Structure formats: structure tokens, C-alpha cells
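As the structure is a prediction and not an experimental result, all values here were calculated from the model. Worth knowing before you read on, the calculation uses all heavy atoms, side chains too, and leaves out hydrogens, waters and symmetry mates.
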Amino acid sequence: MKLISNWKTVIARAHSMWAVYLGILLLFMPDLIYWTTGVDTNPRIWIYASLCAFLYGAVFRLCDQGIDRTKLESHWLIVVAGLALLAMVLVPHLRAVDLVVETPLAEPEIVEIAEITGVPDVAADPEQAFLAAAVPFIGRWEGLRLDAYQDIVGVWTVCYGETKGVKPGDRYTRAECDAMLAREVLSYRTGLHRHFLTETVESRLPVPRDVAFTSLAYNVGVAGAGRSTAVRRLNDGSIAGACDALTWWNKAGGRVVRGLVNRRSEEKAMCLEGVA
């Protein structure tokens with residue numbers, strides 16, 4: 001095999017080569033964004049964008065690319081197109097990131113919520129121990145935004161991802177958001193418990209493990225969690241095996257996502273509390 005005589009020029013200015021560079025950059029972009037911002041973006045979009053770049057390069061590999069040693073138009077055109085593509089892909093994802101707000105805004109304009117209730121008192125409701133652990137744990141992973149915003153597909157969302165009845169301009173206190181999350185968490189917990197044996201619910205679900213499994217259900221859905229190996233193993237009495245199976249749910253778009261790896265690791269740690 002012999003290199004072409006103008007290989008240096010092709011590397012520097014050919015459309016096909018710059019399309020390959022862009023495709024490789026797009027493949028690594030989720031990692032670069034995570035390393036610099038801590039944000040996990042949807043890997044599926046980056047894969048599609050990279051595929052488009054590689055297809056672009058394949059097409060131009062068959063075309064007369066008009067490489068001119070005195071001009072730079074070829075690769076700069078690709079660079080500009082790549083930056084525009086990155087902007088279109090990246091900006092919506094950054095807008096969709098749930099930022100944790102530690103304290104409400106000063107004197108917020110609160111939206112009236114019908115029949116809003118807080119987390120029940122421990123002496124009055126046995127579910128308080130569960131909620132006291134579940135709300136902060138799940139809420140930390142879901143992220144809190146006190147002002148309504150549009151998610152990546154344009155749905156108005158607020159608090160910990162609540163979408164029911166949310167309108168532009170809505171604003172809530174953290175206490176109201178916590179109450180919303182508490183109701184949702186109890187709903188998911190109830191749904192997931194239907195997949196457990198009575199013996200499992202009575203003897204294999206202490207609060208930390210209950211929180212871990214409910215967190216999984218809240219993240220992936222009751223149906224998915226209910227059919228999981230983790231639930232099946234817990235019903236069979238294999239607690240350690242069930243906790244380990246929680247960590248298998250760590251992918252989005254067919255790719256392992258660091259945020260999910262970290263969440264599953266914490267869920268596993270909670271699940272194993274008290275296990276020798």
C-alpha cells in the first residue's frame with residue numbers, strides 16, 4: 001500500500017477527512033460534555049449526528065473536492081457546519097437539564113394548588129419513614145426547578161419533572177414540590193408492590209431497600225421494574241442478587257450513561273443496607 005502524493009493536503013483540506021474528524025468528535029461529545037459540565041446528554045442523538053457526518057464524508061469521497069493548496073474553504077466549511085450542528089443538538093439538552101435549587105426564590109409568586117398536602121407526620125402515618133428517605137433521595141436525582149419550563153419535547157414541566165396541569169408562568173415552593181413528589185413516589189411504590197410476593201413486602205423490604213426499588217421504578221417505569229430480574233430475585237429470596245441486578249439499568253439509547261451508573265450504585269448501596 002502506498003500513500004497518495006498529496007496525502008498531507010487531503011488530511012488538511014478534504015471534505016471527506018473533515019467529515020471523519022467531525023464524526024469522531026460527535027462520538028466523543030457526550031464524554032466531553034460530561035467531563036466539563038457533569039451533564040449527561042442523550043447518546044442516541046450524538047450517534048445519529050455522527051452517522052450523518054460519516055455519510056457526508058462518504059459522499060464527498062466520491063466527488064471532486066476541488067482541493068486547492070492556496071485556499072481553506074473546504075475544511076472551514078465543515079468546521080462551521082459542525083459547530084452549527086453541535087449548537088442545534090447541545091442547546092436543547094442543556095435547557096432540559098434539571099438544576100437542583102436549594103432554596104426558593106425570594107418572595108415567590110406562588111401558584112394555588114388544590115388540596116396540596118405535605119409529607120405526613122411519622123406518628124400519624126407509617127409511610128412517613130419511607131417518604132422521609134425516598135423524597136430527598138429520588139428528588140436529588142430527578143432535580144428540582146421551581147419555575148415552569150419546557151422540556152426537550154416542549155412539554156411544560158416543573159418541580160421534580162411534574163407535567164400534570166403545568167402552565168407557563170407557574171411557580172411553586174420547594175415544600176409544594178416535595179409534596180407533589182411524595183404523592184408520585186407513593187403511587188409508584190404502590191404499583192411496584194403489586195409485583196412483589198406478600199412475603200417479600202412483609203419481610204424483605206425494609207425502608208432503604210423499598211426506597212431503592214421505588215427509585216428504580218420512578219426512573220424506568222413500574223412495568224419495566226416489575227418485570228426486572230431484580231424484582232424476581234427479591235421474590236426468590238436472593239437479596240444480594242436482587243440488589244446487584246438494580247445496577248443493570250444503566251443505559252439510555254443503548255449506551256451506558258454515567259448519571260445512571262451513579263444512581264444505580266447508590267440504589268444498590270441502599271438496597272444492601274443491613275445485609276451481611
Subject >> Partners passing ring pair (Phe, Tyr, Trp, His ring centres under 6.0 Å) against Phe28 (at least two apart in sequence or in another chain) >> reply: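 In terms of ring pair (Phe, Tyr, Trp, His ring centres under 6.0 Å), with neighbours along the sequence ignored, Phe28 is linked to no residue.
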Between [Y] and [X], is there a side-chain heavy-atom distance shorter than 4.5 Å?
X: Leu146; Y: Cys159; value: no
X: Phe54; Y: Val20; value: yes
X: Asn219; Y: Trp249; value: no

Subject >> salt bridge (Lys or Arg N to Asp or Glu O under 4.0 Å) against Asp244, all qualifying residues, sequence neighbours excluded >> reply: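 Lys268.
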Subject >> Pair listing, salt bridge (charged side-chain N to carboxylate O under 4.0 Å, His left out) test, anchored in residues 155-164, at least two apart >> reply: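 Of all non-adjacent pairs touching residues 155-164, those that pass salt bridge (charged side-chain N to carboxylate O under 4.0 Å, His left out) are Lys164-Glu184.
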Do [X] and [Y] sit in the same hydrophobic cluster, where Ile, Leu, Val, Met, Phe, Trp and Tyr count as joined when their side-chain heavy atoms come under 4.5 Å apart?
X: Val275; Y: Val207; answer: no
X: Val201; Y: Ile239; answer: yes
X: Val185; Y: Phe213; answer: no

If you measure from [atom1] on [X] to [atom2] on [Y], what distance do you get to the nearest 0.5 Å?
X: Thr200; Y: Arg209; atom1: OG1; atom2: CZ; result: 10.5 Å
X: Leu27; Y: Leu22; atom1: CG; atom2: CG; result: 9.5 Å
X: Leu131; Y: Gln128; atom1: CG; atom2: CD; result: 6.5 Å
X: Arg264; Y: Leu216; atom1: CZ; atom2: CG; result: 5.0 Å
X: Met270; Y: Leu246; atom1: CE; atom2: CG; result: 11.0 Å
X: Thr214; Y: Phe130; atom1: OG1; atom2: CZ; result: 3.5 Å

Original post:
salt bridge (Lys or Arg N to Asp or Glu O under 4.0 Å) between Arg263 and Glu266: does it pass, once the steps are laid out?
Top reply: CA-CA 5 Å; Arg263 179 170 181 165; Glu266 287 201 15; over 6 Å; no
Run the side-chain donor-acceptor check on residues 190-199: report pairs under 3.5 Å with partners two or more places apart or on a different chain.
from   : atom 1 : to     : atom 2 : distance (Å)
Thr190 : OG1    : Leu186 : O      : 2.9
His193 : NE2    : Asp210 : OD1    : 3.0
Glu199 : OE2    : Arg204 : NH2    : 3.0

For the student: nearest non-hydrogen atoms of [X] and [Y], plus distance:
X: Val158; Y: Ala148; answer: CG2-N, 3.6 Å
X: Leu272; Y: Ala240; answer: CD2-CA, 4.0 Å
X: Ala53; Y: Leu26; answer: CB-CD1, 4.3 Å
X: Ala242; Y: Leu234; answer: CB-N, 3.6 Å
X: Phe137; Y: Val211; answer: CD2-CG1, 4.0 Å
X: Gly259; Y: Trp141; answer: O-CZ3, 3.8 Å

Original post:
So, Ser265 side chain and Val261 main chain: donor-acceptor pair closer than 3.5 Å or not?
Top reply: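 Side chain of Ser265 to backbone of Val261, a donor-acceptor pair under 3.5 Å: yes, one is there.
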Subject >> Backbone of Asp236 reached by a side-chain donor or acceptor of Ser238 within 3.5 Å >> reply: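 No.
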Original post:
Does any pair with a residue in residues 195-251 pass disulfide bond (SG atoms under 2.5 Å apart), and if so which ones, sequence neighbours excluded?
Top reply: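 Pairs touching residues 195-251 that pass the test: Cys243-Cys271.
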Subject >> Contact list for residues 214-239, test ring-ring contact (aromatic ring centres under 6.0 Å, His included), sequence neighbours left out >> reply: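 Those involving residues 214-239 are Tyr188-Tyr218.
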